[in-house]
Amino acid sequence: MSYYFGFMHRFSSNWKIFIQNPLGKAGLALLSLFALMAVASFGLHLLGPMYDPMTGVDPVVSRSVGPSTSHWLGTDFIGRDILCQLLEGAKIAFIVGLASAFISIIIGTVVGMVSGYAGGIVDILLMRLADMVMVLPSLVILLIIAALFGQLNIWMIVFLIAILRWPAVARVIRSQTLSLKQRPFIEASRVAGASDIRIIFKHIMPNVLPLAFLYMTFRVTSAILVEASLSFLGFGDPGQISWGMMLQWVWSSGHMFQAPYWLLPPGICISLLTLSFYMVGRAMDEVLDPRLRREGQ
Amino acid sequence: MALLTVDNLTVGYDSATGMTRAVDDVSFTIESGTSLGFVGESGCGKTTIGMALMGLLPDNARILHGNIILDDQNLIKISQEDFREIRGRKIAMIFQAAMNALNPVVRVGDQVAEMITTHQTAVSPVEISVKIEELFDLVGIPGDRINDYPHQYSGGMKQRAIIAMALACNPRLIIADEPTTALDVVVQDQILKEIIKIQNLLDTGFVFISHDIAVVARVCEKICVMYDGKIVETGTREEVFQAPVHPYTRQLLGSYLTLDNCNNIKVPYINSRLGQKGWEHGCALAPLCDNPMDKCDRLCPGWRQLSPTHGVRCFKKSTI
Amino acid sequence: MKKQQNAIIELADISKIYYQKSQLFHTGAGDVVALKDINLTINKGEIFGLVGQSGSGKTTAGRLLVKLENPTRGEIYLKGAPVSGLKGRELKEYRKQVQMIFQDPYQSLNPHLSIAETVMEPLIVHGAGTRESRRQKVLDTLETTGLVPATDFYDRYPHRLSGGQRQRVAIARAIVLEPEFIVADEPSSMLDATIAIQLFQVLLNIRERLGMTFLFITHNLAAAKYLCDRIAVIQNGVIVETGHTRDVIDHPSHPYTKTLIASQPSFDICPIL
C-alpha cells in the first residue's frame with residue numbers, strides 16, 4: 001500500500017515536469033483529440049444505418065462526392081461517409097497501437113530483465129533470439145503470413161506486430177538491468193536472502209518500468225505505421241476499417257488524384273497520431289532522464 | 001591590497017520549492033602566497049563558493065548579491081567570454097573528481113601542454129617542453145612518465161598530474177575542492193606534502209575546500225568554518241583549532257577521530273530530524289548546540305570580531 | 001583446523017583470484033590475486049577490524065563472507081560448520097545469520113522502496129512473524145539505530161533522508177533478523193566526521209544490546225582503534241599484521257603498518273585536543 005502512495009507521489013511530481021514541456025503539452029493535446037475521435041466512433045450507430053462506416057451507404061450517392069452538409073468530409077466511391085470511417089479508423093489505430101505495444105513491452109521487459117539478471121548462457125540464448133527477431137523485416141513477414149494463411153484478423157495482426165517488435169525493448173531493459181544488478185541495493189537484497197524472482201520483480205522491475213513505458217510510446221508509433229502499411233497493401237483485416245484501409249480504397253478505386261477530401265484525412269491522421277505519441281515519448285524521456293531537463297524556471 | 005576580496009556573496013539555487021540559499025552573505029579575503037581553508041559538512045555550501053569563484057555555477061544557480069574582486073577586477077560583472085580568459089590563467093581549479101578529469105586517450109604531458117598553449121599563444125615547442133619538465137618535477141612525477149597515458153598512472157600520480165595542469169599557467173589563485181577525498185590515507189599524506197611544498201615555493205593564493213578538518217589544518221593558515229551557507233567561525237589556524245569559540249567548531253574538532261584521542265572523543269547529539277533548520281528563525285545550529293540560550297531559537301546571531309583575524313557567529317561570549 | 005571455543009567465523013587459507021577472461025591459452029598474465037592465504041578467526045561479540053588501503057582486498061574478504069562471491073581456495077567456517085557449497089534452504093539459513101552493511105548509503109537503498117519495505121524485506125523473505133509483529137519489529141529496529149521517532153521514518157522514501165540517516169536504515173536492515181555476524185564495509189567513509197562518530201555509537205550500542213559480532217572493514221586506522229577489539233592489517237591481499245588493536249597501533253612491527261600509522265591525519269598543531 002505504501003508502495004502505491006510512493007508511486008502516486010512520484011507520479012504527481014513527474015507529471016508537473018511532463019506538462020511543463022511544450023512537446024509533452026502539444027503531444028498530449030493531439031492525443032486527446034484522437035482519443036475523442038475514437039470514443040466518438042462508438043456513438044456512430046445513433047446517427048442511423050446510413051452512417052455505419054462499413055455498411056452505411058447513402059442511397060442518393062452512388063459515387064465519391066466532396067464535402068456537403070450531410071457528409072462533412074464527403075463520401076467514398078460507394079457512398080459511405082468518410083468522417084465516420086475516419087472516426088472508426090481512430091479506434092482501430094488506438095487498439096492496434098496500444099495493444100501491440102503493450103504486449104511487446106511485456107515480452108521485452110521480462111526477457112530483458114531475465115536476460116540481464118541471469119547472465120551466462122540464458123543471456124546469450126535470449127539475446128541471440130532477440131537479434132534474430134530484430135533483423136526480421138516485420139512488414140515483409142506479415143505480408144508472407146497473410147499471403148500464406150489468407151486475410152488476418154485484427155487481433156492476429158496486433159499479436160504478430162507485438163511478437164516481431166519486442167527485441168529492441170528487451171535490449172534496452174537488459175542493459176538497464178545489467179547496471180542495476182551491480183548496484184549495492186540489489187546485493188543487499190541478495191544478502192538478505194531474497195530469491196531471484198523476488199529481486200527481479202520487487203527491485204529491478206520498478207526501476208526499469210519507467211523506461212519500458214517510454215519505449216511503449218515509440219512502439220505504438222511503429223505498430224500504427226506497420227498496420228497502416230499492411231492495410232494499404234491490401235492485407236488488412238477486411239472486417240475492420242483502418243486509415244490504411246481507407247488509403248487503399250482511395251488508391252484501388254482510382255481516386256488518388258481526384259478526391260483530395262478522401263485521400264488527405266487518413267494520411268494526415270496517421271502522421272499526426274504517430275507524431276503525437278512520439279512527442280509524448282520525447283517529453284517522458286525528459287522526465288526520466290534528469291540530465292535532459294532544463295533546470296530552473 | 002588583497003589578491004582576492006569576496007564581499008557579502010550570496011548564491012541561490014532555483015528549486016521546486018523556490019529559491020534556496022546555498023551561500024549566504026559570505027565575505028573573506030586572500031593575500032598572495034597565503035591559503036584559506038573552507039571546512040564544513042556536506043551541503044554547507046563550500047563547493048558552491050569554489051564554483052562561484054571559478055564562474056562555473058550550474059544553470060539553476062544565481063549570484064543574488066555580493067562582489068568577487070580579483071586584482072581590481074569584479075568577476076561578477078564580467079562576461080562569460082572574459083571569464084574564460086581568466087580561468088586557467090589567473091584562477092585554476094583542482095577538482096573533486098580529479099580521477100576523471102584526465103582525457104584517457106591523450107598523453108598526460110600533452111594535456112598539460114594544451115593547458116599552456118590555450119592561454120599563451122606565443123610560446124615555442126621547446127619552451128613548452130622545458131616548462132612541462134619543470135612542472136612535473138615540481139609535483140613529483142618522474143620525467144620519464146611525461147609521455148604515459150593516464151591509465152598507466154596510479155591514483156596519486158593522476159592527482160599530481162592534475163595539480164601540474166592547474167599550475168601550468170602560473171595562476172594567481174588556485175582553488176582545490178576536496179583534492180584528496182578520493183585517495184586513501186597514505187597517498188593523501190603524500191599529496192598534502194606536495195601541496196605544502198608548492199605553497200612554500202610559489203607566490204600563489206590557495207583556496208582549500210574540504211570536509212576533513214585535519215586536512216585543512218595541515219594546509220591552511222586561515223580557516224573558515226561553514227554551516228548551512230554561512231561562515232560560523234573564522235580565524236587563523238591557531239585561533240580556530242586551539243581556541244575554538246563556536247560550539248559547532250568545537251563539535252567538529254571534538255568528534256574527529258585521530259589515533260591519539262580515541263579515549264576522549266565527544267559524540268555530538270544524534271540529530272534525527274529531516275532536513276536542516278535554516279537561518280530564518282534563529283540560529284540554524286541551535287538544534288545541534290549542546291547548551292543553547294533562549295534567544296538562539298528566535299534571533300539569528302550576528303557576526304562578532306574577537307580579534308583582527310578571529311570572528312564568530314554566536315551569542316556566547318566565552319569559551320567553556 | 002583447530003577450532004576455538006567462541007569462534008563465530010573462521011577463514012582458513014582463503015584465496016581469491018580473479019582470472020583474466022577471454023584468453024585462448026590461459027597464461028595467468030592478467031590474473032588478479034585479491035586475497036592470498038588469509039587466515040582469520042573472529043570471536044563472538046567482538047568487533048574485528050580489517051584495515052587496508054583501497055585495492056588491498058579488504059572488501060573482497062567481506063563479500064566472500066556474505067557469499068556474494070566464492071573463494072577460489074580455502075574454506076570459511078560459521079561456528080565450526082563449513083559454508084562453501086551451501087545452496088537453497090541452507091544458504092538462506094546462512095544469510096539469516098550473516099548480514100552486511102554496505103559502503104555507500106546512497107546506492108544501497110532501493111529508491112522505489114519505502115524505509116519500512118526496505119527494512120522489512122529480510123523478515124518477509126524469511127517468513128518471520130505476522131504482518132503486525134513485523135511492523136512492530138521494524139519500528140523497534142529503527143529506534144535501535146537512532147531513527148527516532150521511528151514512525152516519522154516508517155513510510156518515507158530514501159531520497160528525503162540524509163546520508164547518515166540512510167546508513168542507519170541500512171544498519172536496521174542488516175540487524176532486523178538479529179544475525180550472529182555482520183560485515184560492515186566502510187560504513188562511514190561516505191559520511192562527515194560528526195555523522196560517522198554517531199554511527200559508530202549505533203554500532204557499539206547494537207553490540208552491547210544484541211551481542212552481535214562485527215567485521216569492520218576500513219582504511220581509517222583511527223576509526224578501527226575507536227571501534228575494534230582486534231584488527232588485521234591487509235596489504236595486497238596478504239595479512240601483514242594482526243593482534244589486539246592497541247598492541248598493533250602502539251607497537252607496530254610490520255613496516256606497512258608503520259607507514260599507515262604515519263599517514264594518519266592528526267592535529268599536531270592543536271595540543272588541546
Side-chain angles (χ1 to χ4, degrees), chain B residues 39-44 154-156 180-193 210-218 236-238 240-244 248 250-276 288 319, chain C residues 51-56 142-143 145-150 152-153 156 160-165 168 188-202 204 219-227 235 245-246 249-250 256 259-273:
Chain B
V39 65
E41 299 183 64
S42 51
C44 73
S154 66
T180 60
T181 302
L183 307 169
D184 50 52
V185 279
V186 178
V187 184
Q188 165 170 300
D189 189 55
Q190 294 162 355
I191 296 289
L192 289 179
K193 280 183 182 142
S210 180
H211 72 284
D212 190 327
I213 26 173
V215 168
V216 175
R218 252 178 96 177
T236 62
R237 164 166 40 194
E238 288 72 21
V240 171
F241 288 112
Q242 290 178 7
Y248 181 66
R250 302 165 68 83
Q251 206 177 71
L252 280 183
L253 290 167
S255 63
Y256 192 91
L257 276 173
T258 67
L259 284 178
D260 314 312
N261 70 353
C262 287
N263 296 325
N264 53 1
I265 202 85
K266 270 177 70 184
V267 180
Y269 288 121
I270 292 191
N271 173 29
S272 64
R273 286 181 322 108
L274 292 158
Q276 284 174 326
L288 295 173
T319 60
Chain C
V51 186
Q53 282 179 270
S54 51
S56 62
L142 289 175
E143 300 254 351
T145 58
L147 294 171
V148 194
D152 271 12
F153 292 89
R156 293 227 185 257
R160 288 285 307 277
L161 270 53
S162 68
Q165 288 167 338
R168 281 169 206 205
S188 66
S189 69
M190 314 284 285
L191 304 175
D192 290 313
T194 53
I195 308 294
I197 195 84
Q198 294 175 5
L199 205 73
F200 294 162
Q201 291 301 307
V202 171
L204 289 170
H219 67 274
N220 185 343
L221 257 185
K225 186 177 180 187
Y226 183 68
L227 271 181
Q235 180 193 23
T245 311
R246 305 274 146 159
I249 289 173
D250 294 343
Y256 180 68
T259 314
L260 268 185
I261 291 172
S263 315
Q264 280 297 312
S266 67
F267 302 104
D268 36 9
I269 57 144
C270 316
I272 63 150
L273 293 161

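From a predicted model like this one, the values you see are computed outputs, not experimental measurements. Quick note on labels: first sequence line is chain A, next is B, and so on, each numbered from 1.
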Participant: Applying side chain to side chain contact (heavy atoms under 4.5 Å, CB included), run through B/V185 and C/N220 and close with a yes or a no.
Facilitator: CA-CA 8 Å; B/V185 279; C/N220 185 343; 5.9 Å; no

Participant: Taking the side chain as C-beta and beyond, is there a heavy-atom pair between C/Q53 and B/V187 under 4.5 Å?
Facilitator: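 Yes, close enough: below the 4.5 Å cut-off.
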
Participant: Only counting residues at least two apart or in another chain, list the ones meeting ring pair (Phe, Tyr, Trp, His ring centres under 6.0 Å) with C/Y226.
Facilitator: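 Here no residue qualifies.
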
Participant: At a 4.5 Å cut-off on heavy atoms, which part of C/L227 comes close to chain B: side chain, backbone, both, or neither?
Facilitator: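 No part of it gets close to chain B.
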
Participant: Select one option (side chain, backbone, both, neither) describing which atoms of B/L192 are under 4.5 Å from chain C's heavy atoms.
Facilitator: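 Neither; nothing under 4.5 Å.
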
Participant: If I take atom CD1 from residue C/I195 and atom CD from residue B/E41, how far apart are they, to the nearest 0.5 angstrom?
Facilitator: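 The distance works out to 5.5 Å.
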
Participant: Is C/L221 close to chain B through its backbone or its side chain, or both, or neither, when contacts mean heavy atoms under 4.5 Å?
Facilitator: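 Both backbone and side chain of C/L221 come within 4.5 Å of chain B.
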
Participant: How many angstroms lie between OG1 in B/T258 and NZ in C/K225, if you round to the nearest 0.5 Å?
Facilitator: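 Those atoms lie 8.0 Å apart.
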
Participant: Give me the atom names and distance for the closest heavy-atom approach of C/S54 to B/D184.
Facilitator: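 Heavy atoms of C/S54 and B/D184 come nearest at OG-OD2, 2.7 Å.
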
Participant: How close do B/L257 and C/A222 get, heavy atom to heavy atom, and via which atoms?
Facilitator: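 For B/L257 and C/A222, the tightest heavy-atom pair comes out as O-CB, 3.6 Å.
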
